[in-house]
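None of the values given here were measured: they were computed from a predicted structure. So that the names make sense, note that chain A is the first sequence line, chain B the second, and so on, each numbered from 1.
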Protein chains: 2
Amino acid sequence: MNYDALKLKNQLCFPLYAVSKEVTRLYKPFLDPLNLTYTQYITMMVLWETDGLNVKALGEKLLLDSGTLTPLLKKLEAQGLITRNRSKDNERNVFIHLTDKGWNLRDEAVKVPEQLIRCLNVDPKDAETLYILLNKLLDTGICHTSHEE
Amino acid sequence: MNYDALKLKNQLCFPLYAVSKEVTRLYKPFLDPLNLTYTQYITMMVLWETDGLNVKALGEKLLLDSGTLTPLLKKLEAQGLITRNRSKDNERNVFIHLTDKGWNLRDEAVKVPEQLIRCLNVDPKDAETLYILLNKLLDTGICHTSHEE
DNA sequence: CACTATTTAATTGTACACAATTAAATAGTG
DNA sequence: CACTATTTAATTGTGTACAATTAAATAGTG
């Protein structure tokens, strides 16, 4: 039998997985001074853009579920960056709001993307192509249900 | 101040992170019958290609360290797919060898890549471009030390 | 209105992922 | 050879990820 399909070099998914991990690691020295992990950082990014989301809406934007978000949000709350309040209108919803400290952190965080780009040795044209292809995959390429026929 | 650099939509790294996670999730239904997680699967792939590596060499191919690999390899050993033997030549090295059961699993695993491609709705040309760009990043784009100047 | 179905967040359990440390073995050096 | 430095795997501790379940609240329906 021909096992070439199983060679690591022939996989698309392995470099995807590996690059993603390595890039996340690259963020660490820039995020450590902000006391944020990468996942906490992108969570704050969503809130800086749209404050006052509930856990479900946050999860839809980040593609994370409550099993990941609940403990993460508790840590951000413990740091005094956000508040978590169960809605009185509908007690199923927990709404997340930035505190003053959370808003202020934005001025530090705004430097991070450029710091990272400088660290990531990538041709701008390649970055643009990657951006387009990855978002195309996110929008239409990843079917959650095709195996359940 | 202009905070556009902090918008999730303007990030390259977020879709990278999100696509990687989603694709790993896509593998699950195809790997469950083999009793493998995604990380265990790519570890077996390396061994099917090059049996008898030590933990360090495995880690270099997979970009994983012993903190991840040691418990993972113990699970593969517990399943009877591999053996872990400390070398007598140099007792620092632990060499990993496939068992018969480990080799036999290859015939099941060989179906997985095609199953996944069918599930992943991606234009072959796009896949090719992604493959090239991601490997280019892996080879030259990710500097571990540039922030320590 | 009673009852079922759905929604939402939290919890539980398993499995990475990685930094930092540890411990043992080996290599290198004067 | 003695001693230090390096190498290798394992361990420890923290933080995701996610499937599956739970529990409470709310929506939908006859």
- Message: Using a strict heavy-atom distance below 4.0 Å, which residues from residues 84-99 of chain B are in contact with DNA chain D?
- Response: B/R84, B/R86, B/R92, B/N93, B/V94
- Can you check whether B/K74 has a side-chain N or O nearer than 4.0 Å to OP1 or OP2 of D/dT11? yes
- Pairing residues for B/A5 by the side chain to side chain contact (heavy atoms under 4.5 Å, CB included) criterion, not counting sequence neighbours: A/P113
- Which pairs count as salt bridge (Lys or Arg N to Asp or Glu O under 4.0 Å) when at least one residue sits in residues 52-66 of chain A, sequence neighbours excluded? A/K56-A/E60
- Item | With A/N10 via side-chain hydrogen bond (donor to acceptor under 3.5 Å, both in side chains) - residues at least two apart | none
- Once Watson-Crick and G-U wobble pairs under 3.5 Å are found, how is DNA chain D written in dot-bracket notation, 5' to 3', with | for any base paired to another strand? ||||||||||||||||||||||||||||||
- Task: Not counting sequence neighbours, list each pair that qualifies as a salt bridge (Lys or Arg N to Asp or Glu O under 4.0 Å) and has a residue in residues 5-16 of chain B.
- Result: B/D4-B/K7
- Message: In whole Å, I'd like the distance from the OH atom of A/Y27 to the P atom of C/dC18.
- Response: 16 Å
- Query: Who are the side chain to side chain contact (heavy atoms under 4.5 Å, CB included) partners of A/L63, not counting sequence neighbours?
  - Reply: A/L138, B/A18, B/K21, B/E22
- Below 4.0 Å: OP1/OP2 of D/dG15 and any side-chain N or O of A/T39: no
- Message: So, using side chain to side chain contact (heavy atoms under 4.5 Å, CB included) as the criterion, who are the partners of A/D107 when residues are at least two apart?
- Response: B/M1, B/Y3
- Query: So which of residues 44-72 of chain B are in contact with DNA chain C, with a heavy-atom cut-off of under 4.0 Å?
  - Reply: B/L63, B/L64, B/D65, B/G67, B/T68, B/L72
- Name all residues meeting the side chain to side chain contact (heavy atoms under 4.5 Å, CB included) criterion together with B/L34; count only those two or more places apart in sequence or in a different chain, and write none if there are none. B/L31, B/L36, B/L105, B/E108, B/A109, B/V112
- Task: For A/R86, enumerate each residue passing the side-chain hydrogen bond (donor to acceptor under 3.5 Å, both in side chains) test, keeping only those at least two apart in sequence or located in another chain.
- Result: none
- Query: What pairs meet the side chain to side chain donor-acceptor pair (under 3.5 Å) rule with one or both residues in residues 34-54 of chain B, with sequence neighbours excluded?
  - Reply: B/N54-B/N93
